[in-house]
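Please read through the structure below; I'll follow up with questions.
This one's a predicted model, so the numbers in the text were calculated from it and none came from an experiment.
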Amino acid sequence: MKVTLKDVARQAGVGTATVERVLNSRGGVRPETVEKVFLAARRLEYRLSLPVAHRGLIRIEVILVRPETSFYSRLNRAFERIAASLDDSIVVHRTFVRENEPAQFARYIANPTARRSALIVVAPGHADVVTSVRKAAGLGIPVVQIMTRPAPELPYVGIDNYAAGRTAAHYMSGMLAQRPGSFVALCHSGAYENHKERIRGFSSYLADKASNEGSNEHRFIEVMFDLDDEHNAIELLQAALRREPGIIGVYSAGGDNKGVARVLEANKAGRPFWVGHELTGETQDYLSRGIMSIVLDQAPEVQARRSIDLALNRLGLIEVEVSAEPVRFLTITSENL
């Protein structure tokens, strides 16, 4: 059955004259209405190409943090590659916002510099930021949380961070089974739900193991917040090792790795077993030199692709069902670099 202008108008909730103006680039139609007409036409396969005047009409905004870090640089490049593969009607705009200024972060989400069709966001768990994310979703645009999930009711693309923490504890306690001692953890701060979930998972595994085996040979004694700063990480870890000579395991749940590497590299005698996150050039080097024991990599390229697909699916531009399962994280050692 042939699709007509009336069908498109009905799907978009506008008049046929408006549809005709949009599809023939006659102007005089609000951008929001143009988007409705375009999406309706695409869903009905009325017209597969878009008038030149409306190229880049669908604007997916991706809000990221910390562009100077290896991980977010890797994630940003993944979005850049995906954007280049999309058709001319879709633009992926990447914005970096300062995570340590939550009020400004929240204002940016609530007041974008340009109209957005969908939002993908790495959101710290600050109350103002979470409120602004929920308000954006309340406006009817698709909102996808990536890497961390401060608003549990909204779509999320990322790993199971609780499971990642338990996995870190599983490997650490298993490899140190015949060596009693203490474990410590470092992370950026308490601002991100993903870091908190990793710490919860790490702690719960050790508590469960102690309860099931009736022993407590491995004690989880401290969580330190380094704010992703090398000097902070050095000072915190050195102080912990001085206070507690029995530390045999270090878990970097998120934050700086350079400082941890410098401390452990200098501590050759009785060097703690170190589990961290994200495969970068630095962590590959630490693994190859035996400073780091295991890296849990959360595959940011997969997260970027799935979050874009989810946004396009919610916009009605693709029909392929997007998996709601957590992204699988990878376990990397010196043997499978």
Quiz prompt | Considering all heavy atoms, the nearest Asp226-Gly255 contact | solution = OD1-CA, 3.8 Å
Quiz item: Is any side-chain heavy atom of Ile109 closer than 4.5 Å to a side-chain heavy atom of Lys135?
Solution: no
Quiz prompt | Sub-6.0 Å ring centroid separation between Phe183 and Phe220 | solution = no
Self-check item: Residue pair Leu206 / Ser173: nearest heavy atoms and the distance that separates them
Solution: CD2-CB, 4.2 Å
Quiz item: What about Phe225 and His195, are their ring centers closer than 6.0 Å?
Solution: no
Exercise. May I ask whether Ile141 and Val62 are part of the same hydrophobic cluster, defined by side-chain heavy atoms of I, L, V, M, F, W, Y residues being less than 4.5 angstrom apart, directly or through others?
Key: yes
Quiz item: Should we say atom NZ of Lys258 is surrounded by more than 12 heavy atoms from elsewhere, each under 6.0 Å from it?
Solution: no
Quiz prompt | Side-chain donor/acceptor of Ser252 to backbone N/O of Gly254, under 3.5 Å | solution = no
Self-check item: Nearest heavy atoms of Tyr192 and Arg66, plus distance in Å
Solution: CE1-NH2, 4.3 Å
Practice problem: Answer yes or no: is there a donor N or O on one side and an acceptor on the other, between the side chain of Ser117 and the main chain of Ile60, under 3.5 Å? | Solution: no
Quiz item: Quick one: do Glu301 and Arg306 make a salt bridge, cutoff under 4.0 Å?
Solution: no
Quiz prompt | Tyr162 with Tyr171, same ILVMFWY side-chain cluster at under 4.5 Å | solution = no
Quiz item: Rounded to the nearest 0.5 Å, how far apart are CG of Leu312 and CG of Leu86?
Solution: 6.5 Å
Practice problem: Assess whether atom CZ of Arg262 is packed by more than 12 heavy atoms of other residues, nucleotides or ligands within 6.0 Å. | Solution: no
Exercise. Determine whether more than 12 heavy atoms belonging to other residues, nucleotides or ligands lie under 6.0 Å from atom CD of Glu68.
Key: yes
Quiz item: Rounded to the nearest 0.5 Å, how far does CG of Asp228 lie from SG of Cys187?
Solution: 10.5 Å
Practice problem: Check the pair Ser182, Arg219 against side chain to side chain donor-acceptor pair (under 3.5 Å), reporting the backbone distance first and the verdict last. | Solution: CA-CA 5 Å; Ser182 303; Arg219 296 184 303 118; 3.2 Å; yes
Exercise. Taking Arg98 for its side chain and Glu101 for its backbone only, find out whether a donor-acceptor pair lies under 3.5 Å.
Key: no
Exercise. Count the heavy atoms of every other residue, nucleotide or ligand shown that sit under 6.0 Å from CZ of Arg81, and state whether that count exceeds 12.
Key: yes
Exercise. Starting from the C-alpha separation in whole Å, work towards a yes-or-no answer on side chain to side chain donor-acceptor pair (under 3.5 Å) for Arg74 and Thr280.
Key: CA-CA 9 Å; Arg74 182 179 163 192; Thr280 65; over 6 Å; no
Exercise. Find the distance between CD (Gln303) and CG (Leu310) and round it off to the nearest 0.5 Å.
Key: 12.5 Å
Exercise. For the pair Glu222 and Glu244, evaluate side chain to side chain contact (heavy atoms under 4.5 Å, CB included) and give the outcome as yes or no after the intermediate values.
Key: CA-CA 10 Å; Glu222 187 175 2; Glu244 178 63 51; over 6 Å; no
Quiz item: So, do Val129 and Pro150 sit near enough that their side-chain heavy atoms are less than 4.5 Å apart?
Solution: no
Self-check item: Partner of Glu61 under side-chain hydrogen bond (donor to acceptor under 3.5 Å, both in side chains), chosen from Arg115, His93, Arg116
Solution: Arg116
Quiz item: Any sub-3.5 Å donor-acceptor pair from Thr131's side-chain atoms to Ala127's backbone N or O?
Solution: yes
Quiz item: Please walk me through it: do Phe96 and Val65 pass side chain to side chain contact (heavy atoms under 4.5 Å, CB included)?
Solution: CA-CA 5 Å; Phe96 284 92; Val65 297; 5.6 Å; no
Quiz item: Under the 3.5 angstrom rule, does the side chain of His218 hit a backbone N or O of Lys209 as a donor-acceptor pair?
Solution: no
Quiz item: Would the number of heavy atoms belonging to other residues, nucleotides or ligands and lying under 6.0 Å from CD of Glu153 be above 12?
Solution: yes
Quiz item: Hydrophobic cluster mates of Ile332, side-chain heavy atoms under 4.5 angstrom, ILVMFWY only, any path?
Solution: Val184, Leu186, Ile221, Met224, Ile234, Leu236, Leu237, Leu241, Ile247, Val250, Val260, Val263, Leu264, Trp274, Leu279, Tyr286, Leu287, Ile291, Met292, Val295, Leu330, Leu337
Exercise. Taking only Lys NZ, Arg NE, NH1 and NH2, and the carboxylate oxygens of Asp or Glu, determine whether Arg179 and Glu217 approach each other closer than 4.0 Å.
Key: no
Exercise. Please check if the side chain of Ser73 supplies one atom and the backbone of Thr69 the other of a donor-acceptor pair under 3.5 Å.
Key: no
Quiz item: Could you give the distance from CG (Asp297) to OG1 (Thr331), rounded to the nearest 0.5 Å?
Solution: 9.5 Å
Practice problem: Can you measure from OG (Ser203) to CD1 (Ile199) and round to the nearest 0.5 angstrom? | Solution: 8.5 Å
Quiz prompt | Distance-minimising heavy-atom pair for Asn194 and Thr148 | solution = N-OG1, 3.1 Å
Exercise. Give a yes or no on whether Ile308 and Val327 share a hydrophobic cluster (residues Ile, Leu, Val, Met, Phe, Trp, Tyr; joining criterion: side-chain heavy atoms under 4.5 Å apart).
Key: yes
Quiz item: Is the shortest distance from a Lys or Arg side-chain nitrogen in Glu197 or Arg200 to a carboxylate oxygen in the other one below 4.0 Å?
Solution: yes
Quiz prompt | Greater than 12 external heavy atoms within 6.0 Å of Tyr156's OH | solution = yes
Self-check item: Joint hydrophobic cluster, Leu227 plus Met147, side-chain heavy atoms closer than 4.5 Å
Solution: no
Quiz item: Quick one: are the ring centres of His126 and Phe105 less than 6.0 Å apart?
Solution: no
Quiz item: Do you know which two heavy atoms are closest between Ala304 and Ser307, and how far apart they sit?
Solution: O-OG, 2.9 Å
Practice problem: Taking Asn313 for its side chain and Val320 for its backbone only, find out whether a donor-acceptor pair lies under 3.5 Å. | Solution: yes
Exercise. Indicate yes or no for a side-chain donor-acceptor contact from Gln145 to the backbone of Ala151 under 3.5 Å, with no hydrogens or angles considered.
Key: yes
Exercise. Just jot down the salt bridge (charged side-chain N to carboxylate O under 4.0 Å, His left out) partners of Asp256, sequence neighbours excluded, or say none.
Key: none
Self-check item: Sidechain-backbone polar pair: Arg94 side chain, Phe79 backbone, donor-acceptor under 3.5 Å
Solution: no
Quiz item: Under 4.5 Å between any side-chain heavy atoms of Arg198 and Ile159, yes or no?
Solution: yes
Self-check item: Atom pair CD1/CZ of Ile248 and Phe273 - distance to nearest 0.5 Å
Solution: 10.5 Å
Quiz item: Counting distance only, does the side-chain N/O of Arg314 pair as donor-acceptor with the main-chain N or O of Pro142 below 3.5 Å?
Solution: no
Self-check item: Non-hydrogen side-chain atoms of Val157 and Val322 separated by less than 4.5 Å
Solution: no
Practice problem: Please report the shortest heavy-atom distance between Ser85 and Arg305, naming the atom on each side. | Solution: OG-NH1, 4.0 Å
Quiz prompt | Side chain proximity check, Val92 to Ile82, heavy atoms < 4.5 angstrom | solution = no
Quiz item: Salt bridge between Arg166 and Asp208, side-chain N to carboxylate O under 4.0 Å?
Solution: yes
Quiz prompt | Partner of Leu154 under side chain to side chain contact (heavy atoms under 4.5 Å, CB included), chosen from Val121, Val133, Val130 | solution = Val133
Practice problem: Go through the steps for Arg77 and Glu80 under the test salt bridge (Lys or Arg N to Asp or Glu O under 4.0 Å), then give the verdict. | Solution: CA-CA 5 Å; Arg77 289 195 301 271; Glu80 186 177 21; over 6 Å; no
Quiz item: Knowing that exactly one of Tyr251, Phe329, Phe71 qualifies, which makes a ring pair (Phe, Tyr, Trp, His ring centres under 6.0 Å) with His277?
Solution: Tyr251
